[in-house]
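Remember, predicted model here, so these are calculated numbers, not experimental data. Letters A, B, ... are given to chains in the order of the sequence lines, protein chains preceding strands, and every chain is numbered from 1.
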Protein chains: 2
Amino acid sequence: MARDTRERIVAVARDLVHGASLAAVSTEDVCRAAGVHKGSLYHFFASKQALGGAVLEHNWAMMSAVLEEAFADDLPPLARVDRFVDSFARMLTLMRDRFGTTPGCPLGSLAAEFAMHGDDARAQAIRLLQAWKAYFSTAISEAKGRGEVASTVDAETAATRALAHLQGLALLAKAMDDPGLVLQAKTDIRLLLQAPR
Amino acid sequence: MARDTRERIVAVARDLVHGASLAAVSTEDVCRAAGVHKGSLYHFFASKQALGGAVLEHNWAMMSAVLEEAFADDLPPLARVDRFVDSFARMLTLMRDRFGTTPGCPLGSLAAEFAMHGDDARAQAIRLLQAWKAYFSTAISEAKGRGEVASTVDAETAATRALAHLQGLALLAKAMDDPGLVLQAKTDIRLLLQAPR
DNA sequence: CGGTTAGTTGACCGATCAGTCAACAGCGGA
DNA sequence: TCCGCTGTTGACTGATCGGTCAACTAACCG
């Protein structure tokens with residue numbers, strides 16, 4: 001029952017936050033939707049912000065699963081990137097179907113909000129973004145080894161480019177309520193992986 | 001006195017929102033900081049969201065001035081893009097110096113938040129993002145005419161790419177509290193303007 | 001069986017929230 | 001001179017906010 005309740009609270013909180021900010025969701029909303037009393041919420045979480053941290057971690061778990069699957073090495077490295085973009089877009093589409101509006105990036109938008117809520121919150125956000133970036137940089141390094149990306153390209157720099165681009169497309173997708181926008185990341189990232197001339 | 005008060009309210013609200021969300025700022029905060037009473041605020045604005053709309057419009061005015069200056073035709077089109085990126089980065093740096101934390105894009109982050117606050121708010125956000133994009137697409141078209149960008153590149157598509165990339169970098173800059181991140185947009189956008197092969 | 005502990009309840013707190021209102025000040029035009 | 005309008009005041013509302021608390025329950029352990 002215990003683990004169950006905690007997870008239900010986090011799941012509900014994630015759904016309510018979904019595309020809005022944590023600030024826009026109240027603990028009472030969360031409790032009502034989770035069928036739980038305030039005391040229970042504060043039994044598991046020291047503060048609203050701690051709940052926010054758990055939501056962020058929850059979203060990372062989801063994203064992490066998608067990353068692991070998409071970046072599996074049954075495909076050449078650049079094809080894995082494409083597969084990830086497809087999965088990411090599918091995820092946003094699913095969320096839009098479920099909630100009515102397109103969310104931004106489940107990591108990025110929360111990361112941006114938490115960045116100013118104290119140093120540990122920012123550190124958590126940065127940690128997750130770096131972990132995400134690592135999937136890109138690993139694949140890019142491998143692509144360099146295979147000659148599919150020029151050897152003059154720095155993998156870390158290029159990975160940052162790709163991550164930023166995806167974040168930006170997700171933000172536009174949210175603003176325009178059109179998850180399909182992120183699909184162009186496949187083409188765009190190819191361009192970003194070329195050597196500067 | 002009238003116009004004066006209204007503008008002071010909007011300016012203060014923008015400062016308080018600055019990098020956070022509108023939801024995180026209360027009307028009482030705004031009134032206190034502006035030295036104004038609640039009644040005055042609601043004399044000028046029908047609701048908190050209307051105030052948010054005015055803040056967004058205010059940010060657009062600021063951004064618009066930067067765009068006009070940066071995209072002036074005393075430079076070749078691609079150099080104008082570089083100049084804009086520099087100005088944009090400088091703007092973020094100034095705001096960080098003033099408020100202690102790096103804001104996201106003054107348009108993008110608010111646009112994303114307002115997107116789910118009803119159709120008119122979303123329409124306003126989209127309108128401003130499109131207006132911004134138009135500066136890019138005009139410059140890109142001109143660059144195509146000068147042979148600096150391949151004729152096979154679609155100006156609208158490429159402009160969306162550039163805008164998305166800048167939004168993404170601004171989001172990362174906010175998360176990492178490092179305005180300098182957006183400077184790499186100069187290199188990145190050059191890559192994005194190449195013809196896909 | 002008794003005791004311990006994690007989990008749950010529901011009432012409750014003071015603060016704050018967005019928004020309202022009637023009264024009033026000042027000024028420009030008739 | 002007085003009217004009417006814009007802007008301003010400050011007190012006020014009912015709801016809701018994040019968070020607390022003491023009491024209760026139930027499951028597990030010895």
Report task. Report the distance from atom CZ of F44(B) to atom P of dA18(C), rounded to the nearest whole Å. Result -> 19 Å
Requested in this report: Give a yes/no answer on whether the side chain of S40(B) brings an N or O atom under 4.0 Å of OP1 or OP2 in dG7(D).
Outcome: no
Query raised in the report: Which comes earlier along DNA chain C counting from the 5' end, the contact point of H43(A) or that of A23(B), where each point is its nearest nucleotide?
Result: H43(A)
Requested in this report: Establish, with yes or no, whether the OP1 or OP2 oxygen of dT8(D) is under 4.0 angstrom from a side-chain nitrogen or oxygen of T5(B).
Outcome: yes
Query raised in the report: Where the side chain of H37(B) is defined as all heavy atoms beyond and including C-beta, which of dT9(C), dG10(D), dG19(C) is the nearest nucleotide?
Result: dG10(D)
Query raised in the report: Using a cut-off of less than 4.0 Å, is there contact between a side-chain N or O of K38(B) and OP1 or OP2 of dG19(C)?
Result: no
**Report entry** Options dG18(D), dC17(C), dT9(D), nucleotide nearest the side-chain atoms of S26(B)
**Finding:** dC17(C)
Report task. Name the nucleic acid region contacted by V30(A), choosing base, sugar-phosphate or nothing; use a 4.0 angstrom heavy-atom cut-off, strictly under. Result -> nothing
Query raised in the report: In whole Å, what is the span from the CG atom of D29(A) to the P atom of dG19(D)?
Result: 14 Å
Report summary line: Per atom distances to the E28(B) side chain, the nearest of dC17(C), dT8(C), dT8(D) is dC17(C)
Query raised in the report: Has Y42(A) got a side-chain N or O lying under 4.0 Å from the OP1 or OP2 atom of dG19(D)?
Result: yes
Requested in this report: Using atom types as modelled and distance alone, determine if a side-chain donor or acceptor of E113(A) lies under 3.5 Å from a backbone N or O of A23(A).
Outcome: yes
Query - Heavy-atom donor-acceptor pair, T138(B) side chain to A134(B) backbone, under 3.5 Å - result: yes
**Report entry** Crowding at CD, E69(A) (>12 non-hydrogen neighbours, <6.0 Å)
**Finding:** no
Query raised in the report: If you check every side-chain atom of S47(B), which of dG18(D), dT8(D), dG19(C) has the closest atom?
Result: dG19(C)
**Report entry** hydrophobic_cluster_shared for L192(A) and L169(A), side chain cutoff 4.5 Å
**Finding:** no
